[in-house]
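Contents: one structure, followed by commentary.
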Amino acid sequence: MLLEGTGMKVSEMLVPTLREIPAEAEVISHQLLLKAGFIRKAAAGVYNLLPLAWRVVRKIEQIIREEMDRQGGQELMMPIVQPAELWRESGRWDVYGPELFRLKDRHGRDFCLGPTHEEIITTLVKGDINSYKQLPLLLYQIQNKYRDERRPRFGLLRGREFIMKDLYSFDYDQAGLDASYNKMYEAYNNVFSRCALDFRPVVADSGAIGGKDTHEFMVLADSGEATIVYCEGNDCSYAANEERAEAVMSGEKEVAPLLELKKIHTPDCRTIADLAAFLKITPERIIKTILYTTEKETIAALVRGDREINEIKLYNTLDCVRLDMANPNTILAVTGAQTGFAGPVKLKSVRMVVDSEVMAMVNAVCGANEADQHLVNVNPGRDFEPDIVTDIRLVKSGEPCPNCGNKLLEARGIEVGQVFKLGDKYSKAMNATFLDENGQARLFIMGCYGIGVTRTMAAAVEQNHDERGIIWPPQIAPYHVAVLPVNHKDEHQFAMAASIYRQLVDAGVEAVFDDRPERAGVKFKDADLVGYPLRITVGAKGLAGGQVELTTRQNGEMKMIPLDGVVDAVKSNLRRLGHTRL
RNA sequence: CGGGAUGUAGCGCAGCUUGGCUAGCGCGCCUGCCUUGGGAGCAGGAGGCCGGGGGUUCGAAUCCCUCCAUCCCGACCA
């Protein structure tokens, strides 16, 4: 491994640990990475990675490289600064929005800092790959990425500058893409397993990047910004981002005589809860009507009163660029009433997108498009005609799994990786073709696959810490072991500690020697905070019996080790903790 | 971008309401002594454009205007 057998004296290292946590840090990974001296902020969402953090990053990168190469990936490096013309060609210069860091050169030409590299790589491959014989092609890089987030937060979990591995696959056809996708899916499982993370691949939405099939790799953590649902069944592997989780229709259409439509007075009933309480009915009997505006039109979205609209599903259904909830003026103009009284009956001027579940409702309640009035005995199909009927609601825990029918559970996740099937979206936009065996030009079928490297480091801290500090898994720990003499003025102790440190480094272990003239407590606290997986403590008591202490950070377990067995003990303990190389 | 809050020493904070001595405290840092198994003790010391600019005033960290930065909630987002 890259850093094998490297060591350092703590007195010479830049590890500025703090006694107090900077007030600006909210989540635990941000707090600990600051406190333990791994990172320092340069600007909002932009960080210095100090030596310890950089070692962790390099280890994660190395694991990624090995797994990419194993699948036939080739590493290259592409520019951060990208010309606008490529982005105009793909159409994303206008679509990407203010999240794209834009700049001009001295001649006034437009550039951007790459948030992702589809345009660059498609252009590169288009120029130099001409034949089907050169496919498939898997190219990747590990590079800084730039996204001018509206609200950078949570330290490295959502920065504006971050390190990302991105791989792009170029295939002859869809079957080739499927194969490349499966390779990457496997590689990602290997990468995150080797990083000792508790993670789960989930079905996801493809967002602005486009394409069809996609999975996100989620590290399970309460601080995660994404909600995922997954099947509780042991035999079922269904797991999806909440944005994409499919709703299962809950049974049969109710059989009941259709009653006569009536308007009733409902003073000040502006919310589903108000209305349910006023009419003494459950929210399931109410139709919720929400108006949205897109860049093209205003639409009405209908779900059952106890459900929430999934805006991602709605957005995908409408095939629009922008989707916002309508403002009160629009609502008034379209429905003729204030917010809170919209309903589908006689709502002629807008398209209606209706959740499938609503179509099964009988004698329901909805707004009358008049102040303080609602309609009862509303029946879809009889009283209003939907324009689109589809699944547009949010799925919650407790609902049935679309795959096996068992119950779904919810969890929070940090997205550390995503794999996409892009198809010909970019090759078509940028006219990137190769010649097939018949001499016919064909579009490359592409996939793209990202891993947030710095985010993975932060996610590892979210999952591996206690009240004392970080607990690095040995595979990605900045160093494996800290050697510390209890009393730096005791020459014998100090010399023995130095000797053990030297033996460890010579044996290929990554070790630090805490030679600082500090009291033992300070060194113990720092070692726990930084999170070295193992600690060798050289003290008077142990040395009297020819022994030193070996402490495991993870569980605090301490063992006495004979002086001549330290290297073996350290190696075997690292292996026991999951390290595979020593 | 909407709402809320905060900017005083490296970090954590007080002082501001009610303007007035040399701007404070804890930690960290430097020197010395002492101590040496979980962030010791004593003594001495360094370190501030009180976020920037403008105003009010005899006088501004404190009041007013403005800009900037940072954080939180929301909206949005590979």
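Below, chain A is the first sequence line, B the second, and so on; all start at residue 1.
Here the separation of B:G51 from B:A14, taken at their P atoms, is 14 Å to the nearest Å. Spacing of C1' atoms, B:C63 relative to B:C16, comes out at 10 Å, to the nearest Å. Comparing B:G28 with B:C13, their C1' atoms are spaced 14 Å from each other, to the whole Å. Across the C1' atoms, B:G52 and B:G7 are found 12 Å apart, a figure rounded to whole Å. Comparing the same atom, P, in B:C64 and in B:G47 gives a spacing of 33 Å after rounding to whole Å. Annotation: B:A23 and B:G48 have their C1' atoms spaced 9 Å apart (nearest Å). Across the P atoms, B:A46 and B:G26 are found 16 Å apart, a figure rounded to whole Å. Taking atom C1' in both B:U17 and B:A61, the straight-line distance is 14 Å, to the nearest Å.
A donor-acceptor contact under 3.5 angstrom links the side-chain atoms of A:R535 to the base of B:G38. On a pure distance criterion of 3.5 Å, a polar donor-acceptor pair joins the side chain of A:R158 and the base of B:C77. For B:U35, the base has a donor-acceptor partner in the side chain of A:K489 [N/O atoms by modelled type, under 3.5 angstrom]. Side-chain atoms of A:D528 and base atoms of B:G38 include a donor and an acceptor less than 3.5 Å apart.
Between the A:N310 side chain and the A:K313 main chain, a donor and an acceptor come within less than 3.5 Å of each other.
Donor-acceptor pairing under 3.5 Å is lacking for the side chains of A:T298 and A:Y292.
Between A:Y449 and A:H215, the ring centre distance reaches or exceeds 6.0 Å.
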Pull out every protein N or O sitting under 3.5 Å from an N or O of nucleotides 45-50 of chain B, one pair per line with the distance.
none

Protein N or O to nucleotides 5-8 of chain B N or O, pairs below 3.5 Å:
none

Can you check nucleotides 28-32 of chain B for protein contacts, nitrogen or oxygen pairs under 3.5 Å, and list what you find?
unit_1	atom_1	unit_2	atom_2	d
B:G28	OP1	A:R19	NH1	3.1

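Remark: B:U31 base-pairs with B:A43. Criterion, Watson-Crick or G-U wobble with two distances under 3.5 Å. With a cut-off of 3.5 Å on both pairing distances, B:G48 has no Watson-Crick or G-U wobble partner at all.
When the nucleotides B:G38, B:C13, B:U36 are ranked by their closest atom to the side chain of A:H488, B:U36 comes out on top. Closest approach to the A:K41 side chain among B:C71, B:G12, B:G37 is made by B:C71 (side chain taken as heavy atoms from C-beta onward).
Nearest heavy-atom pair across A:L177 and A:G423 is CD2-N, 4.0 Å.
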Ring pair (Phe, Tyr, Trp, His ring centres under 6.0 Å), that's the test. Do A:W87 and A:F101 meet it? Break it down for me. CA-CA 12 Å; A:W87 285 73; A:F101 266 111; over 10 Å; no

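Between A:R151 and the phosphate of B:C73, there is a side-chain N or O to OP1/OP2 separation shorter than 4.0 Å.
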